[in-house]
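Take a look at the structure below.
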Number of protein chains: 2
Amino acid sequence: MNDLVTIHEASMATGVSAKMIRHYESIGLIAAPVRTENRYRHYAARDLHELGFIRRARDLGFSIDDIRHLLALWRDRSRSSAEVKTIALRHIAALEEKAAALHAMSETLRHLAAHCHGDNRPDCPILDALDTLR
Amino acid sequence: MNDLVTIHEASMATGVSAKMIRHYESIGLIAAPVRTENRYRHYAARDLHELGFIRRARDLGFSIDDIRHLLALWRDRSRSSAEVKTIALRHIAALEEKAAALHAMSETLRHLAAHCHGDNRPDCPILDALDTLR
DNA sequence: ATATAAGTATCCCATCATAGGAAGGTCAAG
DNA sequence: CTTGACCTTCCTATGATGGGATACTTATAT
């Protein structure tokens with residue numbers, strides 16, 4: 001059962017950088033791992049599992065605070081799925097809102113760019129719009 | 001021609017906070033305005049015009065570096081519109097990429113949430129997915 | 001005239017998630 | 001025994017913005 005790995009190996013195995021693993025420990029997102037007598041951190045399978053969880057949640061855009069919450073629920077076998085779903089739905093709404101805002105900016109610019117010659121002449125609807133948009 | 005206004009009035013007129021106006025000056029995005037003998041900044045119509053330009057560009061999601069570039073082109077009456085269009089097209093692509101990434105996260109979560117009861121039972125496809133996504 | 005409120009100045013600190021780097025310790029292979 | 005690949009902690013930076021402290025000036029209201 002000596003499946004303890006160094007921070008570098010944990011990083012390779014989970015896709016979380018060593019820097020971030022230490023950071024997550026410093027902010028209390030993960031527990032401090034065991035240390036060998038030379039003060040090196042060593043991670044067990046369970047730790048790697050948690051780091052994988054965190055990375056996947058980050059990949060889905062969850063904030064560290066959300067992940068803290070999700071991790072607590074994940075560890076709690078008697079949790080209700082309702083709370084998890086609430087967090088997820090709130091996050092979905094936030095993601096969609098941001099995506100829509102970016103898309104709206106993009107569309108505005110796309111229309112302006114469509115009417116910009118993009119040649120050597122100075123006339124430019126894009127700059128004109130920034131001059132007096134709306 | 002005494003249409004000089006205080007930083008607060010400039011803020012109200014342009015929608016850029018006084019904090020940010022000072023910040024833009026400190027990073028050299030805008031020129032330092034004239035000061036009265038009490039060291040208060042005073043802005044002329046041309047300054048307000050530039051601040052408005054900056055705010056509109058920010059509203060379209062341009063970075064400060066992009067805006068620095070756009071401002072230089074805007075001030076240059078002999079600029080070519082090609083360069084402006086290049087910046088805009090690059091920005092459009094970046095906006096769309098980010099929007100797509102957010103949307104993809106949202107869709108993944110939406111599918112997971114659709115199969116989550118959201119009741120008092122602990123079973124939760126969302127946590128299961130974070131456990132071993134893909 | 002004077003007290004109070006509002007505006008201005010500069011400076012420092014915080015956010016959020018992540019990365020870079022310095023300085024020094026430890027270990028394994030050449 | 002050196003070299004290089006790790007490890008440690010601590011400090012700094014990012015990008016755009018806001019908050020706050022402290023001190024000064026100006027404008028309003030009693």
Side-chain angles (χ1 to χ4, degrees), chain A residues 2 4-30 32-43 47 50-51 53-71 91 94-95 97-98 101-102 105, chain B residues 2 4-30 32-43 47 50-51 53-71 90-91 94-95 98 101-102 105:
Chain A
N2 270 341
L4 293 178
V5 300
T6 67
I7 196 169
H8 184 68
E9 290 165 324
S11 170
M12 293 297 105
T14 62
V16 181
S17 74
K19 281 271 188 195
M20 289 312 296
I21 294 176
R22 294 194 194 93
H23 178 63
Y24 291 155
E25 178 188 335
S26 82
I27 63 174
L29 188 62
I30 58 176
V34 297
R35 303 260 191 150
T36 46
E37 71 269 6
N38 53 17
R39 303 208 27 82
Y40 285 14
R41 291 170 177 83
H42 282 270
Y43 297 90
D47 299 320
E50 287 208 3
L51 286 170
F53 180 99
I54 292 170
R55 187 188 55 74
R56 287 182 284 274
R58 287 293 303 140
D59 287 350
L60 286 173
F62 282 103
S63 71
I64 296 293
D65 262 4
D66 274 347
I67 295 175
R68 199 183 294 274
H69 204 157
L70 290 172
L71 265 176
H91 185 46
L95 287 171
E97 193 176 339
K98 279 183 206 161
L102 293 176
M105 292 180 202
Chain B
N2 270 339
L4 294 177
V5 301
T6 67
I7 197 168
H8 185 67
E9 290 164 325
S11 171
M12 293 296 105
T14 63
V16 181
S17 74
K19 279 269 189 200
M20 289 312 294
I21 295 176
R22 294 193 193 95
H23 178 62
Y24 290 154
E25 178 188 334
S26 83
I27 63 174
L29 188 62
I30 58 175
V34 296
R35 303 260 191 151
T36 46
E37 72 268 7
N38 54 17
R39 302 206 29 82
Y40 284 14
R41 292 169 177 84
H42 283 270
Y43 297 89
D47 300 320
E50 288 208 3
L51 286 170
F53 181 100
I54 292 170
R55 186 188 55 74
R56 286 182 285 274
R58 287 293 305 140
D59 287 349
L60 287 173
F62 282 103
S63 71
I64 294 294
D65 263 3
D66 274 347
I67 295 175
R68 200 183 293 275
H69 204 157
L70 290 172
L71 265 176
R90 180 166 42 71
H91 185 47
L95 287 170
K98 280 183 205 160
L102 293 176
M105 293 179 199

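Values in this document were obtained by computation on a predicted structure and should not be read as measured data. Per chain, numbering begins at 1; letters A, B, ... match sequence-line order.
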Looking at [N], I'd like to know if its phosphate oxygens (OP1 or OP2) sit under 4.0 Å from a side-chain N or O belonging to [X].
{"X": "B/Thr6", "N": "C/dT8", "answer": "yes"}
{"X": "A/Arg35", "N": "D/dT9", "answer": "yes"}
{"X": "B/Arg58", "N": "D/dT17", "answer": "yes"}

Exercise answer: donor-acceptor pairs, residues 12-21 of chain A side-chain atoms, under 3.5 Å, sequence neighbours excluded:
residue: A/Thr14; atom: OG1; partner: A/Ala10; partner atom: O; Å: 2.8
residue: A/Thr14; atom: OG1; partner: A/Val16; partner atom: N; Å: 3.3
residue: A/Ser17; atom: OG; partner: A/Met20; partner atom: N; Å: 3.1

Under the side chain to side chain donor-acceptor pair (under 3.5 Å) test, which residues partner A/Asp65, sequence neighbours left out?
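In terms of side chain to side chain donor-acceptor pair (under 3.5 Å), with neighbours along the sequence ignored, A/Asp65 is linked to no residue.
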
Report the end-to-end axis angle of the helix from C/dA1-D/dT30 to C/dG30-D/dC1; each axis comes from five terminal pairs, and the value is rounded to 10°.
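Rounded value for the end-axis angle: 20°.
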
Base-contact (B) and sugar-phosphate-only (S) positions in nucleotides 25-30 of chain C, heavy-atom cut-off under 4.0 Å, - elsewhere:
BBS---

Categorize B/Phe62 for me: base, sugar-phosphate, or nothing, with a 4.0 angstrom heavy-atom threshold over every strand shown.
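No contact at all - B/Phe62 keeps every heavy atom at 4.0 Å or more from the nucleic acid.
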
Distance in angstrom units between A/Arg22 CZ and C/dT18 P, rounded
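Atom-to-atom, A/Arg22 to C/dT18, this comes out as 15 Å.
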
Separation of A/Ile7 atom CD1 from D/dC7 atom C1', in whole Å?
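It works out to 9 Å between those atoms.
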
Kindly give the atom pairs (protein nitrogen or oxygen, nucleotide nitrogen or oxygen) under 3.5 Å for nucleotides 20-22 of chain C.
residue: C/dG20; atom: N7; partner: A/Lys19; partner atom: NZ; Å: 3.1
residue: C/dG20; atom: O6; partner: A/Lys19; partner atom: NZ; Å: 2.8
residue: C/dG21; atom: O6; partner: A/Lys19; partner atom: NZ; Å: 2.3

Residues that B/Asp66 engages under salt bridge (Lys or Arg N to Asp or Glu O under 4.0 Å), provided they are two or more places apart:
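By the salt bridge (Lys or Arg N to Asp or Glu O under 4.0 Å) rule, B/Asp66 matches B/Arg90.
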
